[in-house]
Number of protein chains: 2
Amino acid sequence: MTGLVLEHRAPIARELYAVLRQRILTGALEPGTTISETSYAGQMGVSRTPVREVFRRLADEGLLEVRPQVGTYVAAISLTAVHDSQFVRETLECRTVRMAVERARPEDDAALRAHLERQRPAVLAGDYIAFFPADEALHVELIRMAGRAAIWSVIQDVKTQLDRVRYLSFESRDWLGKIFAEHERIVERVIARDADGAEAIMREHLRTVFTAIERLMASKPHFFAPSR
Amino acid sequence: MTGLVLEHRAPIARELYAVLRQRILTGALEPGTTISETSYAGQMGVSRTPVREVFRRLADEGLLEVRPQVGTYVAAISLTAVHDSQFVRETLECRTVRMAVERARPEDDAALRAHLERQRPAVLAGDYIAFFPADEALHVELIRMAGRAAIWSVIQDVKTQLDRVRYLSFESRDWLGKIFAEHERIVERVIARDADGAEAIMREHLRTVFTAIERLMASKPHFFAPSR
DNA sequence: ACAAGAATACTAGTATACAAGTCCAAGAGT
DNA sequence: ACTCTTGGACTTGTATACTAGTATTCTTGT
């Protein structure tokens, strides 16, 4: 008994997935970019097998487009997909925030306030990297309060499309402040047990992405797939 | 020029996916069943590569559980996952059916009636196989009328969990008739441009799965994952 | 110069070989 | 009889080799 726990090194595919996904979301790899299994495997110093597994998964998420025997490309942004993703998120989170209000207990209020305090320093520092997980944590908390924690996986799925637009559109410097102010208003309405108010602000909050979509369409129209 | 179009034979993985998915949904492979990549590949007469790809996708869908270095199993039914899937579907389709009513045009009414007529013979014959696609087609039509056709992919995703319960619970002989009657009432309310009525019946319609869940829990409790 | 066709250099799909972790059971030692 | 150890038979993870389809480029004939 050495007391030493040998760590399993994480599967290569898991690491590759996180890295490539982030590169696409942040725009390091722009929509339309060609990226073959062989070349990416060589670039990352691994074999095609895990790369192929990652490509398949990202294709299912709508971030890659695989054309058999031809090539793989970073998927163009589908305006329809983005709009419908926003619709799904708004529909689900507006309903769950109502439920959160109805089920809220005193200790939940404290948890919500704690989430805000975790976000505040990131906002003041203009630190997007730190803000994103704290942002998600608040939304997860509200869903948990609603008693539907498992639907976060569905929201995460559609949120992928929205996050990519957010990243690519280069939100302005005061964006963090705006988002945070809306978070404060939502939490305030929840603590006041005002379901209508909380839902209204949540709806407004989740519709701010539309301005990002419009800005991106104006500045980078070639990122979008033809609407057909 | 021969006029003969050489068909690309469909990728093996695609075929494997459809077959294995159906086997799991229908219960030919019961929850908890062990199924290794090697054995299934041998059984299907293909190599591990496409089998592995299919396993990953089904694991992402929550139909398989892959334990590294140990084995792969047909996933147990998660009561939480099923309930939250129902919640997502109800939330989305209740909202879209309202929108369908608001946007409905005369030619849409005809399309809805046509879908009912397509379902009727399957109901009279007690033909589940023929009914399922006609059932889905009606729901897709309503979503299309709402102008949100793309959210069907989200609904399909959560619907997987619900369909499995439906299959495994062995719905009674008169189930088709009940479902069809609800379809008729929904279509009738849409044609009457009664958004509240249509939404109410849709909600009732999508909650019938709860009786299937209860029946399955009573008859096959070992199909379910411990709730923790 | 130009158009048609053949060689070439890619691509993803599939098969196979090897590596490493896990579980179970048989057997040795006490 | 019981415990511990050790070996073997699994499992999935990864690497590599081969197949077949596609697009481009270069050659060839006019």
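For the pair B:Arg57 and B:Tyr17, the cation sits on the ring face: its NZ or CZ lies under 6.0 Å from the ring centre, inside 45° of the axis.
Not one N or O on the side chain of A:Asp163 forms a donor-acceptor pair closer than 3.5 Å with the backbone of A:Thr160. Put simply, the side chain of A:Glu61 never gets that close to the backbone of A:Asp157: no donor and acceptor are under 3.5 Å apart. Formation of a donor-acceptor pair under 3.5 Å by the A:Ser219 side chain with backbone atoms of A:Arg215 is found in this model.
Between B:His183 and B:His205, the ring centre distance stays below 6.0 Å.
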Inset, instruction - Go along nucleotides 9-20 of chain C 5' to 3' and tag each nucleotide: B for a protein heavy atom under 4.0 Å from its base, S when only backbone or sugar atoms are that close, - otherwise. - result: --BBBBBBB--B
